[in-house]
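I have placed the structure first, in the form of structure tokens, so that the comments after it can refer back to it.
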Number of protein chains: 2
Amino acid sequence: MIDKKSPMPLYFQIEEAIKQKIEKGEWITGTMISSEREFAENYEVSRMTVRQAINNLVNDGYLTRQKGKGTFVSAKKIEQKLLGLTSFTEDMRSRGYRPASKLISFQTISANQRLAKALEIPENQKIYEIKRVRLANDIPMAFETTFVPAQLLYLQESHIKEGSLYSEVENAGFKIDYATQSLEASIARDAESEILEITKGAPVLLIERQTFLTNGMPLELVHSVYRGDRYKFMIDMKR
Amino acid sequence: MIDKKSPMPLYFQIEEAIKQKIEKGEWITGTMISSEREFAENYEVSRMTVRQAINNLVNDGYLTRQKGKGTFVSAKKIEQKLLGLTSFTEDMRSRGYRPASKLISFQTISANQRLAKALEIPENQKIYEIKRVRLANDIPMAFETTFVPAQLLYLQESHIKEGSLYSEVENAGFKIDYATQSLEASIARDAESEILEITKGAPVLLIERQTFLTNGMPLELVHSVYRGDRYKFMIDMKR
DNA sequence: TATAACTAGTTGTCTATACCAGTCAGAAAA
DNA sequence: TTTTCTGACTGGTATAGACAACTAGTTATA
């Protein structure tokens, strides 16, 4: 259950164990979980370690504490879904599609004024330009161009083809923090209509996303052209 | 500085002290703050107490930790802007436009199957249908159709014309909690192109929003058609 | 000169313990 | 029977210390 020799921190293992019980429905909303002292005894760890695990779950909204009473499973929150800063892959999976990508081009270019500003780097600095077609069940869904400052991490074509960009980012020790997006309706241009296999003049959804790391540095600028006939952008917002 | 006799927890006092330095600009973005051991010594508390204070500030986005290096002041927080569940009026104001509305029609209709489902009411129940043109600096920006269950609150044409729908909702003692939205690109149909003063076939952004109250009841279903050439939907998301 | 080992500093994890502050049920007192 | 108190539970705060993992600069070594 809990492996004291594992390189994973004990509190993290406990955290995952509790999270699983909740997500598997074993502990439903309102269930009072074991007390901190009970956990400590069962897992043979100190109470403070249990508290660290529970703290994280409280912060993530899985649990709520009540002094003198106990710790309870929260109502399943929209917030998990909320504000989903998701990748194309996650997004499509959650819709029940099989996501895939086709790399169109991968090259290193010099930042023009607009890119330099968006990525907060000096002009003419090197950046990667990644062009991909995004597929859902083998049907073209979007044409995506990603710009990443080359100084931030070293990328090769194989990284893009085999893994996701975001896993490379995490390998490099960075963490994604937030993004600002803009969405607008437009009309497919020649090149886009061909790649997306739609007629010229068909409606498309243009999405531009700027992603930031926890240290405040911009990670990427992504320009996407989604097929208007196949893609709906879904979002939940809380007051 | 820190009052050990105060009923306020020590970690909370330390938390506030650090937060103040950041908010007053004394510690700017990127500043490395004192190490946990230094704080502990200065304040004459244990390191774990300092950690609790810093933990909270990290969770709130004020600080970021880097193992082996130190703890640093984060880039400006964006959470306030985040999560904007805003009305058209607020949205336009924040962009520097002068918002206005023109009421096209106001009537009571019976819920068809789709509306009944979206508003979680029995079929054929009465609902208000409000059609409005939304203007920014007197230029048509969107054509909006709102559906509200009549049982929820009593509405008159004057309410819509003079005040906002949301203020009526609050007067009735309800509180808006969250909304789910979908956005997609499309093409202006005849009626829409006329009202929005654009050519037929011009790109438009279709936004459908379902708003829920704190008690979980749906308040409204809003279907909007925004001009693709004038409107960009902006959103910030946090990981 | 280049490389490896060391060192002092940082945050990260974990322990064992203590006492405080609410909650609630059952025992004792009215 | 009703009220009050007590005790055993809950999470909340705080301590002092230990060692691990990582960073960056310095020193010793090949």
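Residue numbers start from 1 in every chain, and the chains themselves are labelled A, B, ... in the order their sequence lines are given, proteins ahead of strands.
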Rounded to the nearest Å, what distance is computed from the CD1 atom of residue A/I14 to the C1' atom of nucleotide C/dC14? 11 Å

Classify every nucleotide of nucleotides 3-15 of chain D by which part a protein heavy atom approaches to under 4.0 Å, writing B for the base, S for the sugar-phosphate alone and - for neither, in 5'-to-3' order. -------BBBBBB

Quick one: list whatever passes side chain to side chain donor-acceptor pair (under 3.5 Å) with A/E208, sequence neighbours left out. A/R114, A/H223

Kindly write out the residues that satisfy side chain to side chain donor-acceptor pair (under 3.5 Å) with B/R65, not counting sequence neighbours, or none if the list is empty. B/E36, B/N55

Not counting sequence neighbours, list each pair that qualifies as a salt bridge (charged side-chain N to carboxylate O under 4.0 Å, His left out) and has a residue in residues 97-113 of chain A. A/R98-A/D138

Cut-off 3.5 Å, no hydrogens considered: what does the side-chain donor-acceptor table look like for residues 115-125 of chain A, sequence neighbours left out?
unit_1, atom_1, unit_2, atom_2, d
A/Q125, NE2, A/Q151, OE1, 2.6

Considering residues at least two apart in sequence or located in another chain, which fulfil the ring-ring contact (aromatic ring centres under 6.0 Å, His included) criterion with B/F147? none

